[in-house]
2 protein chains.
Amino acid sequence: MIDPTINFGKNSVADFKVGVDNVIFSVDTQRNRLLILLVKRPHDPFANYYSLPGTLVCTGESLETAAYRTLSEKIEVENLYLEQLYTFGEPGRDPRENETSYEQRYLSVSYFALVRYEDTNLITKDNQKAVWHLLKETPQLAFDHNRILRYGYQRLRNKLEYSPIAFKVLPEAFTLNDLYQFYTTVLGENFSDYSNFRARLLKLGFLTDTGLKVSRGAGRPAALYRFDEDAFALLKDKPLVFI
Amino acid sequence: MIDPTINFGKNSVADFKVGVDNVIFSVDTQRNRLLILLVKRPHDPFANYYSLPGTLVCTGESLETAAYRTLSEKIEVENLYLEQLYTFGEPGRDPRENETSYEQRYLSVSYFALVRYEDTNLITKDNQKAVWHLLKETPQLAFDHNRILRYGYQRLRNKLEYSPIAFKVLPEAFTLNDLYQFYTTVLGENFSDYSNFRARLLKLGFLTDTGLKVSRGAGRPAALYRFDEDAFALLKDKPLVFI
DNA sequence: CCAAAAGTGTTACTTGTACACCCATGT
DNA sequence: ACATGGGTGTACAAGTAACACTTTTGG
């Protein structure tokens, strides 16, 4: 291990600030829209560009705590899933690196989050209000955030296929159609036939019928199911695909 | 974004050194052993403990470059696969954080590597020679490196199932038995029947028969195959499982 | 000729896919 | 009654797993 003594010559150990950038998705199941949370930057670098909500990691703070803090500064939300995504750290990825005379690096540890759209409350108090954007219409973002977002979207699609993250974000009781719409919104229309999706999920045995029904306008009322954590836990290590 | 001005009070932006720690695997196909590269630490913290080969990121250096540098300081190897694993950064994970009067944090970006065992040459020149250890007999490691190693092993097993990383590390021409032994060594004896493994791999169509044969003692000579990058590329986006 | 290693084939079974069809409700 | 959304069934293709069998070599 190289001696960590600080000096500013070539090939010396670099000093870093560590930022956490969050790729925060939500699914508006009513309108079948996949949304991403963005903030508008009030100052340089990249003033007036949109960016992913982020913050610099503070003393005594873990990376994950910083990720949760960023989240809670922008939105109030109870139900969410969060995990680390990737760490971006090439020299030059942040223009602030060249503003200072000494070599200061900026590293970004990105986090991926999925939050419940319905009970999400965007916080306005600071001058950096966060807003939901349609993922399809994402503008040019600050820094390398478009790249991070692409990476996050890929993770979202992969996770949906073999991980029960959707249930962290759906209401306690949901219809199989709600679930199907959720998957459709993220993965696109053609990911699977509804009846096959339905059969597959039910066969896995971790969705239990609550006995309740809900009627949405005309048509037969739909059965409400809930996700059974315990039944799901029994299936761990088995290769699961919900497709 | 919080103002990055440095101060040493509570809730101020932390200063980081960024380390890169490599989980480097190799498979000794001759003797069916899965190996992990470790170095013995010559000084505190954790003097005389084994640890993953690591280094601190230098000025002007990308994370991946630092990972490659660590690798090349310990072993000479041509054929390898490398990717980022995970970033560990809770306060207190490195005992050096408390040795200095100001709040200095140490963050570890871990990388996962798979290298060809046969043409690997361990470098002895510094006092920190790296050595191959049987993964099964991994000792107590410095820092949180046992955790990082577990995480890396999981990634290795997952990657083998759907990613052609084995071919980065097998010789140009290999028998299907070589490939099977490789998989067996990493995943355990019972991951699949040989004849089914063979049939599945051949059906995928990216292994081409070189026409050459190799005889190993008694028994029918085995056909030598090679991995066809182009044929494999055509299969991308298709859900592939080699199991 | 026989053991050893490589390679092929068979069979029973489980999943996947694409549909067609039946059911319960509001208007 | 009929349109609408919910839910079930089926038939064929495809994939999986276990295992028996044939082929080609060395001794």
Side-chain angles (χ1 to χ4, degrees), chain A residues 29-32 160-162 170-171 173-185 187-226 235 237-243, chain B residues 29-32 160-162 170-171 173-185 187-226 235 237-243:
Chain A
T29 352
Q30 306 301 304
R31 299 201 264 174
N32 275 258
L160 263 204
E161 289 188 10
Y162 61 86
L170 285 169
F174 51 86
T175 71
L176 285 171
N177 226 320
D178 291 339
L179 186 59
Y180 182 67
Q181 293 310 323
F182 188 99
Y183 270 75
T184 299
T185 304
L187 300 175
E189 291 291 341
N190 333 349
F191 80 95
S192 171
D193 180 284
Y194 170 64
S195 79
N196 293 330
F197 175 80
R198 177 191 173 82
R200 195 165 27 241
L201 264 289
L202 288 179
K203 188 159 27 158
L204 288 172
F206 52 72
L207 297 182
T208 43
D209 194 329
T210 61
L212 302 170
K213 308 250 175 212
V214 63
S215 215
R216 318 240 239 241
R220 177 172 173 173
L224 286 167
Y225 289 83
R226 64 180 178 72
L235 303 174
D237 335 308
K238 312 292 174 220
L240 282 187
V241 182
F242 312 157
I243 302 194
Chain B
T29 352
Q30 306 301 304
R31 299 201 262 175
N32 274 263
L160 264 203
E161 291 188 9
Y162 62 88
L170 284 169
F174 52 86
T175 70
L176 285 173
N177 224 320
D178 290 340
L179 185 60
Y180 183 69
Q181 292 310 322
F182 188 99
Y183 270 75
T184 298
T185 303
L187 300 176
E189 291 290 340
N190 332 347
F191 82 95
S192 171
D193 180 284
Y194 170 64
S195 79
N196 293 330
F197 175 79
R198 177 191 174 80
R200 193 163 31 238
L201 264 291
L202 289 178
K203 186 159 28 157
L204 289 171
F206 53 72
L207 297 182
T208 43
D209 194 329
T210 61
L212 302 171
K213 308 250 175 210
V214 63
S215 215
R216 319 239 237 242
R220 179 172 173 172
L224 286 166
Y225 289 83
R226 66 181 177 71
L235 302 175
D237 335 306
K238 312 292 175 218
L240 280 185
V241 181
F242 311 156
I243 304 193

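Every chain is numbered from 1, with letters handed out A, B, ... down the list of sequences.
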Taking side chain to side chain contact (heavy atoms under 4.5 Å, CB included) as the test, write out the residues that go with [X], two or more places apart.
X        : value
A:Arg220 : none
A:Thr208 : A:Arg226, A:Asp228
B:Ser195 : B:Asp193
B:Phe191 : B:Tyr180, B:Tyr183, B:Thr184, B:Leu187, B:Phe197, B:Ile243

(message) My understanding is that only residues two or more places apart in sequence, or in another chain, count here; which of them pass side-chain hydrogen bond (donor to acceptor under 3.5 Å, both in side chains) with A:Asn32?
(response) A:Thr185
(request) Applying side-chain hydrogen bond (donor to acceptor under 3.5 Å, both in side chains), name anything that partners B:Tyr194, two or more places apart in sequence or on another chain. (result) B:Arg198
(request) Output the residues of residues 201-211 of chain B in contact with DNA chain D, where contact means a heavy atom of the residue under 4.0 Å from an atom of the strand; sort by number or write none. (result) none
(request) For B:Arg216, check salt bridge (Lys or Arg N to Asp or Glu O under 4.0 Å) against everything at least two apart and list the hits. (result) B:Asp178
(message) Can you list everything that forms a ring-ring contact (aromatic ring centres under 6.0 Å, His included) with A:Phe242? Sequence neighbours excluded, please.
(response) A:Phe206
(request) Looking at every strand, decide which applies to B:Ala223 at a 4.0 Å heavy-atom threshold: base, sugar-phosphate, or nothing. (result) sugar-phosphate
(request) Just call it for A:Arg216: base, sugar-phosphate, or nothing, with non-hydrogen atoms closer than 4.0 Å on any strand. (result) nothing
(request) For nucleotides 18-27 of chain D, just jot down a letter per nucleotide in 5' to 3' order: B, S or -, based on protein non-hydrogen atoms under 4.0 Å. (result) BB---BBBS-
(message) Going by salt bridge (Lys or Arg N to Asp or Glu O under 4.0 Å), name the pairs with one or both residues in residues 201-215 of chain A, residues two or more places apart or in two chains.
(response) none
(message) As an exercise, state the distance from CG of A:Leu179 to OH of A:Tyr225, rounded to the nearest 0.5 Å.
(response) 11.0 Å
(message) What is the first contacted nucleotide of DNA chain C and what is the last, in 5' to 3' order, if contact means an atom lying under 4.0 angstrom from a heavy atom of chain B?
(response) C:dA4 to C:dG9
